[in-house]
Amino acid sequence: MKNLFLSTVAVFALGACSGETPAETQAPSTTEAAPETSTPTDATPAPETALQPEVMATDSGARLDSVLASQPEAIKARYGARNPKATLEFLKIEPGMTVVEVLPGNNGWYTGILMPYLGSDGTLVGVDYDPEMWAAFGGFVNEEFLEARRSWAQSWTKNAGETRGEDDAAVKAFAFGNMPDEMAGTADAVLMIRALHHLNRFEEKGGFLTSALEETSRVLKPGGFVGVVQHRGPEGNEDSWATGDQGYVKQSAVITAFTAAGFELVDQSEINANPKDQPSNEDRVWRLPPTLGGSADNEELKAQMTAIGESDRMTLLFRKTAL
């Protein structure tokens with residue numbers, strides 16, 4: 001994937017992290033089983049799985065509805081742009097799974113949904129960027145910031161633990177480049193939600209996308225899924241613009257990267273599409289809501305960006321090829 005990447009680092013680049021809005025991440029504090037059925041004693045027992053998929057789908061859908069309805073109003077305010085129900089269902093996330101959430105932030109947006117949805121039989125694993133990649137951001141990044149990233153796994157686990165209910169998923173956390181051997185082959189799914197562009201932009205500097213995809217494959221079970229939601233740049237724009245520095249990457253480039261890493265594209269969806277977002281080669285994703293960068297003192301421009309809405313986003317489902 002040498003054709004995707006590196007450009008200038010900017011503070012606004014943190015803004016599309018999966019767990020938090022851009023303003024929250026600029027610096028240094030950087031988101032039932034199927035009912036048993038009786039078997040007639042005078043008949044051959046029916047296979048236990050005969051009705052299970054449909055019943056499980058119904059149960060998980062009702063569970064997700066309940067979880068979403070119970071979220072704080074600030075979280076619900078983003079449902080129109082983030083479409084969490086349709087997104088999690090498309091990405092095949094189910095209660096009881098072990099799910100890895102990449103770059104969830106200290107108080108991840110999806111984290112508060114996933115913990116109760118996965119439930120007490122599930123596990124949510126937060127994964128941060130490699131500390132060496134954080135060092136490549138430059139600008140606001142100093143030793144104090146890097147030290148906070150090195151201890152991020154402990155602080156995220158603590159924060160998540162303070163908000164999780166007794167019936168919520170267990171939580172743990174690591175960083176890319178420091179995933180323990182015992183994680184190998186344990187995850188049902190990995191979610192990369194608005195987190196991929198940062199890996200793209202620093203690929204040439206340290207191979208961070210390549211190594212992240214390698215680790216993703218290693219922690220997934222054979223046949224496990226990777227869900228990607230990412231700001232999507234127009235295919236006709238310059239490749240040098242779509243490296244991730246402006247927040248956007250091309251869908252074709254993402255598919256190429258995952259395919260080269262041994263993943264199969266299972267499906268793609270327009271759940272999170274916004275055809276009003278047609279960025280030029282001079283545009284950055286952070287011009288749009290919720291950041292509205294560059295229009296704070298320009299009401300006319302702010303109105304134009306607000307009318308566009310949040311970014312156009314690809315939604316892709318990949319699967320680790322079973323060994």
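Note that the structure is predicted; figures quoted are calculated from it, not measured.
Ring pair His197/Trp286 is tilted by interplanar angle, where 30° to 60° counts as tilted. Relative orientation of the Trp134 and Phe145 rings is perpendicular, given thresholds of 30° and 60° on the angle between their planes.
Every side chain to side chain donor-acceptor pair (under 3.5 Å) that Lys85 has, sequence neighbours left out, goes to Asp65, Glu89. The side chain to side chain donor-acceptor pair (under 3.5 Å) check on Glu162 picks up Lys158, with sequence neighbours excluded. When the side chain to side chain donor-acceptor pair (under 3.5 Å) test is applied to Thr87, the partners found at least two apart in sequence or on another chain are Asn272. With sequence neighbours excluded, the residues that form a side chain to side chain donor-acceptor pair (under 3.5 Å) with Glu270 are Arg232. With sequence neighbours left out, the salt bridge (Lys or Arg N to Asp or Glu O under 4.0 Å) criterion links Glu215 to Arg218.
Note that CD1 of Ile255 and CD of Gln268 are 5.0 Å apart. Values are rounded to the nearest 0.5 Å. To the nearest 0.5 Å, the span separating CE on Met97 from NZ on Lys221 amounts to 8.0 Å. Summarising the geometry, atom CZ belonging to Phe225 is positioned 12.0 Å from atom CG belonging to Leu191; distances are rounded to the nearest 0.5 Å. Note: Lys92 NZ to Ser60 OG = 11.0 Å, rounded to the nearest 0.5 Å. Note that OG of Ser269 and CG of Leu316 are 9.0 Å apart. Values are rounded to the nearest 0.5 Å. Here Gln251 contributes atom CD and Leu265 contributes atom CG; the two are 8.0 Å apart, rounded to the nearest 0.5 Å.
For Lys276, the NZ atom is loosely surrounded, since the number of other residues' heavy atoms within 6.0 Å does not exceed 12. In the displayed structure, Glu132 atom CD is contacted under 6.0 Å by at most 12 heavy atoms of other residues, nucleotides or ligands.
Formation of a donor-acceptor pair under 3.5 Å by the Asp312 side chain with backbone atoms of Asn274 is found in this model. Between the side chain of Arg82 and the backbone N or O of Tyr79, no donor-acceptor pair lies under 3.5 Å. Tyr248 contributes no side-chain N or O that, together with a main-chain N or O of Pro234, makes up a donor-acceptor pair within less than 3.5 Å. With hydrogens and angles ignored, the 3.5 Å screen pairs no side-chain donor or acceptor of Ser66 with any backbone N or O of Arg63. Here the side chain of Trp156 pairs a donor or acceptor atom with the backbone of Gly105 at under 3.5 angstrom. The backbone N or O of Glu299 lies less than 3.5 Å from no partner atom in the side chain of Gln304, so there is not a single donor-acceptor pair. Ser295 places a side-chain N or O within 3.5 Å of a backbone atom of Leu292 that can act as its donor or acceptor partner. No donor-acceptor pair under 3.5 Å is formed between the side chain of Thr291 and the backbone N or O of Gly293. A donor-acceptor pair is defined here as one N or O able to donate and one able to accept, closer than 3.5 Å; such a pair exists between the side chain of Thr163 and the backbone of Ala160. In this structure a side-chain-to-backbone donor-acceptor pair under 3.5 Å is missing from Tyr117 to Asp168.
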Worksheet item: Stepwise, does the side chain to side chain contact (heavy atoms under 4.5 Å, CB included) test hold for Leu118 with Ile93?
Response: CA-CA 8 Å; Leu118 296 176; Ile93 305 302; 4.0 Å; yes
Practice prompt. Evaluate side chain to side chain contact (heavy atoms under 4.5 Å, CB included) for Asn83 paired with Thr315, printing each intermediate quantity in order.
Written response: CA-CA 11 Å; Asn83 307 297; Thr315 305; over 6 Å; no
Practice prompt. Walk me through it: do Val229 and Met314 pass the test side chain to side chain contact (heavy atoms under 4.5 Å, CB included)?
Written response: CA-CA 6 Å; Val229 178; Met314 67 185 84; over 6 Å; no
Worksheet item: Given the rule in the salt bridge (charged side-chain N to carboxylate O under 4.0 Å, His left out) test, do Glu143 and Arg150 qualify, once you have shown the distances and angles that lead to the verdict?
Response: CA-CA 10 Å; Glu143 187 54 38; Arg150 295 184 192 108; 2.8 Å; yes
Item to complete: Please test Asp283 against Gln246 for side chain to side chain contact (heavy atoms under 4.5 Å, CB included), starting from the C-alpha separation and ending with a verdict.
Response: CA-CA 7 Å; Asp283 285 328; Gln246 314 307 324; over 6 Å; no
Practice prompt. Check the pair Phe208 / Phe202 against ring-ring contact (aromatic ring centres under 6.0 Å, His included), numbers first and verdict last.
Written response: CA-CA 6 Å; Phe208 294 108; Phe202 296 120; 7.0 Å; no
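Scanning all heavy atoms of the two residues, the minimum distance from Val100 to Ala187 falls at CG2-CB, 4.0 Å. When all heavy atoms of Trp152 and Val127 are compared, the pair lying nearest together is CH2-N, 3.9 Å. For the residue pair Gly227 and Leu91, the shortest heavy atom distance occurs at CA-CD2, 3.6 Å. Considering every non-hydrogen atom in both Asn281 and Glu238, the closest pair reads OD1-N, 3.0 Å. Contact between Arg287 and Met305 at its shortest, heavy atoms only, is O-CG, 3.3 Å. What you find for Val67 and Ile113 is that their closest heavy atoms are CG1-O, 3.5 Å.
Between Val99 and Val125 there is no side-chain heavy-atom pair separated by less than 4.5 Å. The shortest side-chain heavy-atom distance between Val228 and Phe318 falls under the 4.5 Å cut-off. At least one side-chain heavy atom of Ser311 sits under 4.5 Å from a side-chain heavy atom of Val285. Put simply, the side chain of Tyr129 reaches to within 4.5 Å of the side chain of Leu199, judged on heavy atoms. Between Leu88 and Leu114, the closest side-chain pair of non-hydrogen atoms falls below 4.5 Å. Residues Val249 and His231 have side chains not in contact (no heavy-atom distance under 4.5 Å, counting atoms from C-beta outward). With contacts defined as side-chain heavy-atom distances shorter than 4.5 Å, the pair Pro279/Trp241 qualifies. Looking at heavy atoms from C-beta onward, Phe263 lies in side-chain contact with Ser217 at the 4.5 angstrom threshold.
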List, one per line, each side-chain donor-acceptor pair under 3.5 Å for residues 170-185, sequence neighbours excluded.
none

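Using a 4.0 Å cut-off between a side-chain N of Lys or Arg and a carboxylate O of Asp or Glu, Lys320 and Asp188 do not qualify as a salt bridge. Salt bridge Lys250/Glu235: absent, no basic N to carboxylate O contact under 4.0 Å. For the pair Glu204 and Arg201, the salt-bridge criterion is not met [side-chain N within less than 4.0 Å of a carboxylate O].
Side-chain contact check for Glu264 and Thr321: no donor-acceptor pair (N or O, by modelled atom type) lies under 3.5 Å.
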